[in-house]
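Data first, discussion second: the structure below is written as structure tokens.
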2 protein chains.
Amino acid sequence: MSEIVEKEEDLGRRLRALRQVHGLSQRELAKRAGVSNAVISLIERNATSPSVGLLKKVLSGFPLSLADFFSLEEAPREQVFFAADELVEIGGGRVSYRQVGRDLSGKALQMLVECYAPGADTGEALLRHEAEEAGVVLAGELEVTVGDRRRVLKAGEAYYFDSRLPHRFRNLGEEEACLVTASTPPSF
Amino acid sequence: MSEIVEKEEDLGRRLRALRQVHGLSQRELAKRAGVSNAVISLIERNATSPSVGLLKKVLSGFPLSLADFFSLEEAPREQVFFAADELVEIGGGRVSYRQVGRDLSGKALQMLVECYAPGADTGEALLRHEAEEAGVVLAGELEVTVGDRRRVLKAGEAYYFDSRLPHRFRNLGEEEACLVTASTPPSF
DNA sequence: CAAAACTGTTAAGTATCCTCAACAGCTTTA
DNA sequence: TAAAGCTGTTGAGGATACTTAACAGTTTTG
């Protein structure tokens, strides 16, 4: 009957996000890890509590240790996506600085400008620890995946997340996508 | 029949060390964690691969997250105990400095002098992360527990370990025990 | 439009984890 | 010298994790 276990500390959600950000299907991951695809489904829906041995197998498909995987559960779950009117104007002179993120107290970011050619893809997401990342799309459309949340961002929209969460950027459109990104620690 | 699973990444050894350094019996830990004492025995002997849910219960008895627990398996297993003649003389003038540990390249320690009164006990071991600890007994006898390794050190003997491993010091003797200890980062 | 290939989910059965209870060995008490 | 306390281990059983094989839904191919 597959009862959904409540509050299993969201282990399943983390695994699903990890798998999706690597662009794998349940079957692909299962084959790579040498386990059944069914148990991947069960784990991701928190319908079972996997043994450490099995979880180790599954994670062997990623460049991620058990310690790294469980450190993800300590990552805070703050607001990720912001509409254009949710940006806070903090600027300035000729250049307008609009703040992404509601409360940056205790945080320290460095923003940059990046442009993605059509079809560009960051591919396998590298997990950086103890860092934060943010961005605003200036032109074009960019698919942003952060943890289990995915959205195609258009000009004016933005993201903000703890970069301990797995993430991936893809330009699915026909035209170049430009955005402002930010990362820690600040360079000025 | 309880087949012993080989190379289960020594999860059991870590749990046993963690339990012993806290001075708990299998039954005490089991009661505190709300599980059976039998499964503690099975896990510690790597006779089973516990589910994440159960392991979480067990570790809830300690001030240790799953991430912290699995980060222990990444701790290198270097030489821990050194005989008196295994110390390297690097000193000095009127004071003799004898180095503990074969290769300190890439390490940074600060040694101190400590004295333990009879019966003194560090008790519940606090785990410090990203640190190293070393010491030399000058007088008296001191029981040192590091991970799953325990030894009563006498004058002239020494220890060196990654302090991510759980540890505990106890003076079981009748007289004061004096030793030189060291910790990271250095204070000079 | 249908066939093929993919996606995630689920039912049935096997393997394994986990609990309960008992056991053997060692220390302390009477 | 038990007897009662503890220690860690083990066997039998029920609970559940895991596999295999099938299902339903969506996208791709012909």
Side-chain angles (χ1 to χ4, degrees), chain A residues 1-61 66 69 143 145 147-150 152 168 170 172, chain B residues 1-61 66 143 145 148 150 172:
Chain A
M1 214 52 51
S2 78
E3 297 245 343
I4 302 298
V5 178
E6 296 293 339
K7 268 301 177 189
E8 178 58 40
E9 210 59 48
D10 241 354
L11 184 152
R13 183 186 293 268
R14 297 205 306 282
L15 179 61
R16 172 161 293 182
L18 188 64
R19 174 177 62 81
Q20 289 180 338
V21 91
H22 280 258
L24 296 176
S25 69
Q26 291 182 341
R27 280 181 170 78
E28 287 172 334
L29 173 58
K31 184 176 181 181
R32 186 189 290 204
V35 302
S36 70
N37 60 296
V39 78
I40 302 290
S41 173
L42 292 169
I43 292 171
E44 288 187 351
R45 291 176 298 106
N46 293 319
T48 190
S49 179
S51 74
V52 171
L54 185 106
L55 187 59
K56 191 179 194 69
K57 276 194 199 173
V58 172
L59 293 182
S60 69
L66 283 169
F69 179 76
E143 182 202 59
T145 307
D148 61 327
R149 286 167 283 189
R150 174 179 297 176
V152 175
R168 181 184 204 173
R170 288 197 295 178
L172 302 176
Chain B
M1 216 50 52
S2 78
E3 298 245 344
I4 302 299
V5 177
E6 296 294 340
K7 267 304 176 189
E8 178 56 43
E9 210 59 49
D10 240 354
L11 185 152
R13 183 186 292 267
R14 297 205 305 282
L15 180 60
R16 172 162 292 183
L18 187 64
R19 174 177 62 81
Q20 289 180 339
V21 91
H22 279 258
L24 296 176
S25 70
Q26 290 182 343
R27 279 181 170 79
E28 288 172 335
L29 174 57
K31 185 176 181 181
R32 186 188 289 203
V35 303
S36 70
N37 60 294
V39 80
I40 302 290
S41 173
L42 292 169
I43 293 172
E44 288 187 350
R45 291 175 298 109
N46 293 319
T48 190
S49 179
S51 75
V52 171
L54 184 105
L55 187 59
K56 192 182 193 67
K57 276 194 199 173
V58 172
L59 293 183
S60 69
L66 282 170
E143 181 202 59
T145 307
D148 62 326
R150 173 177 298 175
L172 303 176

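- Regarding A:K31, its NZ atom lies at a distance of 17 Å from the C1' atom of D:dT19, rounded to whole Å.
- Residue side chain B:N37 does not reach the base of D:dT10 through any donor-acceptor N/O pair under 3.5 Å, judged by distance alone.
- Side chain of B:R16 to main chain of B:G12: no donor-acceptor pair is present (N/O by atom type, distance under 3.5 Å, no hydrogens or angles).
- Within the structure, every side-chain polar atom (N or O) of B:T48 is placed at least 4.0 Å from both OP1 and OP2 of C:dT16.
- Of the side-chain N and O atoms in B:S41, none sit less than 4.0 angstrom from OP1 or OP2 of D:dG8.
- Atom NZ in A:K57 sits about 10 Å away from atom C1' in D:dC18, given to the nearest Å.
- Between A:L29 and A:R19, the closest heavy-atom pair is CD2-CD, 3.8 Å.
- Of the two residues near DNA chain C, B:S51 and A:A38, the one whose nearest nucleotide lies more 5' is A:A38.
- For D:dT7, neither phosphate oxygen OP1 nor OP2 lies less than 4.0 angstrom from any side-chain nitrogen or oxygen of B:Q26.
- Taking atom CZ of B:R19 as the reference point, atom P of D:dT7 lies 9 Å away to the nearest angstrom.
- When the C1' atom of D:dC18 is taken as reference, atom CD1 of A:I40 falls 11 Å away, rounded to whole Å.
- The distance between atom CD of B:E44 and atom C1' of C:dC18, rounded to the nearest whole Å, is 15 Å.
- The phosphate of C:dT10 (OP1 or OP2) has a side-chain N or O of A:R45 nearer than 4.0 angstrom.
- For B:R27 and D:dG5, the shortest distance from a side-chain N or O to OP1 or OP2 is not below 4.0 Å.
- Contact detail for B:S49 and A:S51: the closest heavy-atom pair is O-CB, 3.4 Å.
- Between A:S36 and D:dC18 there is no side-chain N or O to OP1 or OP2 distance below 4.0 Å.
- Remark: the separation of the P atoms in C:dC18 and C:dA22 is 23 Å, to the nearest Å.
- Under 4.0 angstrom from either OP1 or OP2 of D:dT7 there lies no side-chain N or O belonging to B:R16.
- The distance between atom CG of A:N46 and atom C1' of D:dC18, rounded to the nearest whole Å, is 17 Å.
- For the atom pair CG of B:L66 and CG of A:L66, the computed distance is 9.5 Å after rounding to the nearest 0.5 Å.
- Each of C:dC17, D:dT9, C:dT19 was ranked by its minimum atom distance to the side chain of B:L54; first place goes to C:dT19.
- The side chain of B:V39 sits closest to C:dC18 out of C:dC18, D:dC18, D:dT20.
- Rounded to whole angstrom, the span from the NZ atom of B:K56 across to the P atom of C:dC17 amounts to 20 Å.
- Here the C1' atom of nucleotide D:dT19 and the CG atom of A:L42 are 10 Å apart, to the nearest Å.
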Given A:V39 and A:V58, is the side chain to side chain contact (heavy atoms under 4.5 Å, CB included) satisfied, shown in steps? CA-CA 10 Å; A:V39 78; A:V58 172; 5.7 Å; no
